[in-house]
Amino acid sequence: MGVTKEQVESTLTSKLKPSYLEVIDTSGGCGVSFVVEIVSEQFEEKRLLERHRIVNAALEEEMKEIHALSIRKAVTPAQWKQQEEAEKPNAVA
């Protein structure tokens, strides 16, 4: 049996202390493929590749059973806030 969405969430929460985390099981429930969006202060001053390595290292045990991990977003809280502001529709004055 594969890894559960809850296992991935629990591990990332305990190791990276995210302010936002979304884990989607894209394997249809068999636990071999996940998409992750994560916001963590631990990504401060890190390049994208380093952020992905941090996520992969946090999931070291789970990665033994996961076949595909897509990290859709790995951003800092400041970057997350900036992205959220950019996505809001412009208010009419």
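Note that the coordinates shown come from a computational prediction; the quantities given were computed from them, not determined experimentally.
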Side chains of [X] and [Y] in contact at under 4.5 Å (non-hydrogen atoms):
{"X": "Ile66", "Y": "Val8", "result": "yes"}
{"X": "Glu65", "Y": "Val32", "result": "no"}
{"X": "Arg72", "Y": "Val36", "result": "no"}
{"X": "Pro77", "Y": "Glu41", "result": "yes"}
{"X": "Trp80", "Y": "Ile38", "result": "no"}

- request: Indicate if Leu16 and Ile71 have the same hydrophobic cluster label, given that clusters are the connected sets of ILVMFWY residues with side-chain heavy-atom separations under 4.5 angstrom.
  value: yes
- prompt: Between Val55 and Met63, is there a shared hydrophobic cluster once you connect ILVMFWY residues whose side-chain heavy atoms come closer than 4.5 Å?
  reply: yes
From [X] atom [atom1] to [Y] atom [atom2], the distance as rounded to the nearest 0.5 Å:
{"X": "Lys73", "Y": "Leu21", "atom1": "NZ", "atom2": "CG", "answer": "13.5 Å"}
{"X": "Leu59", "Y": "Lys15", "atom1": "CG", "atom2": "NZ", "answer": "7.5 Å"}
{"X": "Glu6", "Y": "Thr13", "atom1": "CD", "atom2": "OG1", "answer": "11.5 Å"}
{"X": "Thr26", "Y": "Phe34", "atom1": "OG1", "atom2": "CZ", "answer": "7.5 Å"}
{"X": "Arg51", "Y": "Asn56", "atom1": "CZ", "atom2": "CG", "answer": "14.5 Å"}

query: Where the side chain of Glu85 meets the backbone of Gln82, is there a donor-acceptor pair that is under 3.5 Å apart?
result: no
- request: Please check if the side chain of Glu87 supplies one atom and the backbone of Glu84 the other of a donor-acceptor pair under 3.5 Å.
  value: no
message: Under 3.5 Å, is there a donor on one side chain and an acceptor on the other for Ser10 and Gln7?
response: no
Of all heavy-atom pairs between [X] and [Y], which one has the smallest distance, and what is that distance?
{"X": "Gln42", "Y": "Ile54", "result": "O-CD1, 4.0 Å"}
{"X": "Ser40", "Y": "Lys17", "result": "OG-O, 4.4 Å"}
{"X": "Val23", "Y": "Lys5", "result": "O-CE, 2.9 Å"}
{"X": "Lys64", "Y": "Glu61", "result": "NZ-OE2, 3.0 Å"}
{"X": "Leu12", "Y": "Ala58", "result": "CD2-CB, 4.1 Å"}

message: For Glu62 and Thr11: C-alpha separation, side-chain torsions, deciding distance, then whether side chain to side chain donor-acceptor pair (under 3.5 Å) applies.
response: CA-CA 9 Å; Glu62 290 82 356; Thr11 299; 2.5 Å; yes
- prompt: Has Gln83 got more than 12 heavy atoms of other residues, nucleotides or ligands less than 6.0 Å from its CD?
  reply: yes
field: Heavy atoms of other groups near Glu44 CD, more than 12 under 6.0 Å
entry: yes
